[in-house]
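What follows is a single structure, written as structure tokens, with notes after it.
The sequence lines fix the lettering, A, B, ..., with proteins before strands; numbering per chain opens at 1.
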There are 2 protein chains.
Amino acid sequence: MSSTTAVLDVRPLSRLFKALGDETRLRIVALLTHGELCVCHLEDALRIPQPTASRQLAVLRRAGVVECRRDGTWVYYRLARQLDAMAGSQLRTLVASFGKQRLLREDVARLQQAKGPGSCQ
Amino acid sequence: MSSTTAVLDVRPLSRLFKALGDETRLRIVALLTHGELCVCHLEDALRIPQPTASRQLAVLRRAGVVECRRDGTWVYYRLARQLDAMAGSQLRTLVASFGKQRLLREDVARLQQAKGPGSCQ
DNA sequence: TGCGTGCATTCGCATATTCGTATGTGGCGG
DNA sequence: CCGCCACATACGAATATGCGAATGCACGCA
């Protein structure tokens with residue numbers, strides 16, 4: 001009856017957008033679009049200091065955008081599967097857009113092979 | 001050669017996400033998904049004070065998310081066509097998601113007919 | 001057990017965002 | 001011309017967000 005009741009919960013979506021509304025975080029997501037990366041890779045690729053990388057990754061993690069996996073000394077980040085349907089649609093659209101950026105793809109490939117296949121040693 | 005050069009300009013996209021990263025603004029966009037509305041409609045539907053509506057609409061306008069048209073005393077807002085390709089994709093995905101929300105559609109329809117067909121008189 | 005490395009967190013400060021309140025502006029009617 | 005209406009904008013206070021610098025923590029290794 002009343003249109004004041006939340007007929008649509010926009011909170012998951014607004015949380016996603018808030019996390020993506022920062023250039024550094026968006027560049028991180030762009031890189032992760034092409035596969036998982038560890039923090040040192042992101043620092044190198046984006047030329048950002050280590051605490052910045054770590055902090056922005058924490059923001060993305062708290063927003064459910066990324067998740068991480070520890071492998072010995074290194075921590076690998078990847079995009080997380082979205083629980084909210086609309087958030088999932090938006091992130092899939094974003095991944096599709098970034099996937100079309102050839103230069104970005106090449107950047108990531110160069111980055112990964114420069115660091116050796118699959119690790120940071 | 002250097003991967004520091006901005007291989008991908010994320011600024012238009014981050015501007016869009018920053019604008020959408022607020023619950024009130026996202027609810028406004030959700031309503032505008034179904035057609036243009038004047039400010040007083042938005043105030044009523046969202047139960048927000050007038051300066052809040054006006055301010056958030058200004059934020060959306062400066063971010064290029066919405067545009068407005070003056071009709072006498074009233075100002076009608078609608079979603080704006082996106083210049084940036086990736087921003088356009090995101091907004092289209094959002095519109096598609098919101099369009100599937102039946103309750104929201106009904107809310108808007110009720111709102112518009114309660115206010116009379118096409119104006120605020 | 002001590003040290004180095006990769007990553008996370010804390011602190012302090014500068015800047016940005018949000019909201020309520022008050023005020024300004026433009027258009028219409030009397 | 002005056003007053004009303006819809007809407008926009010200018011404050012000021014509270015809160016949030018950003019970064020650099022420093023510190024903490026976990027893991028691997030000698």
Open item on the list: Does dC19(D) have OP1 or OP2 under 4.0 Å away from a side-chain N or O of Gln56(A)?
Closed with: yes

Task: Side-chain (Asp84(B)) to main-chain (Ala87(B)) donor-acceptor, under 3.5 angstrom - done: yes

- [ ] Using the side chain to side chain contact (heavy atoms under 4.5 Å, CB included) rule, pick out the option among Val29(A), Asp22(A), Leu26(A) that qualifies with Leu60(A).
- [x] Val29(A)

Open item on the list: So, taking the atom named CG in Leu91(A) and the one named CD in Gln90(B), what distance separates them when rounded to the nearest 0.5 Å?
Closed with: 8.5 Å

- [ ] Indicate yes or no: at least one non-hydrogen side-chain atom of Leu94(A) is less than 4.5 angstrom from one of Leu13(B).
- [x] yes

Task: Residues from residues 12-23 of chain B lying under 4.0 Å of DNA chain C - heavy atoms - done: Asp22(B)

Open item on the list: When you measure from the side chain of Gln56(A) to the backbone of Ser54(A), do you find a donor-acceptor pair of N or O atoms at a distance under 3.5 Å?
Closed with: no

Task: Along DNA chain C, first and last positions that approach a heavy atom of chain B under 4.0 Å - done: dT18(C) to dC28(C)

Open item on the list: Rounded at 0.5 Å granularity, tell me how far NE2 in His34(B) sits from CD in Gln101(B).
Closed with: 8.0 Å

Open item on the list: Using modelled atom types and a 3.5 Å cut-off, is there a donor and acceptor pairing between side-chain atoms of Arg61(A) and backbone atoms of Glu67(A)?
Closed with: no

- [ ] For Arg70(B) and Gly72(B), indicate whether the former's side chain and the latter's backbone hold a donor-acceptor pair under 3.5 Å.
- [x] yes

TODO: Using a 4.0 Å cut-off on protein heavy atoms (strictly under), produce a 5'-to-3' string for nucleotides 2-8 of chain D with B for base contact, S for backbone-only sugar-phosphate contact, and - for none.
DONE: ----SBB

Open item on the list: Is there a side-chain contact between Leu8(A) and Val10(A) in this structure, where contact means two heavy atoms from C-beta onward sitting under 4.5 Å apart?
Closed with: yes

- [ ] Please answer whether the main-chain N or O of Ile48(A) pairs with a side-chain N or O of Thr52(A) as donor and acceptor at a distance below 3.5 Å.
- [x] no

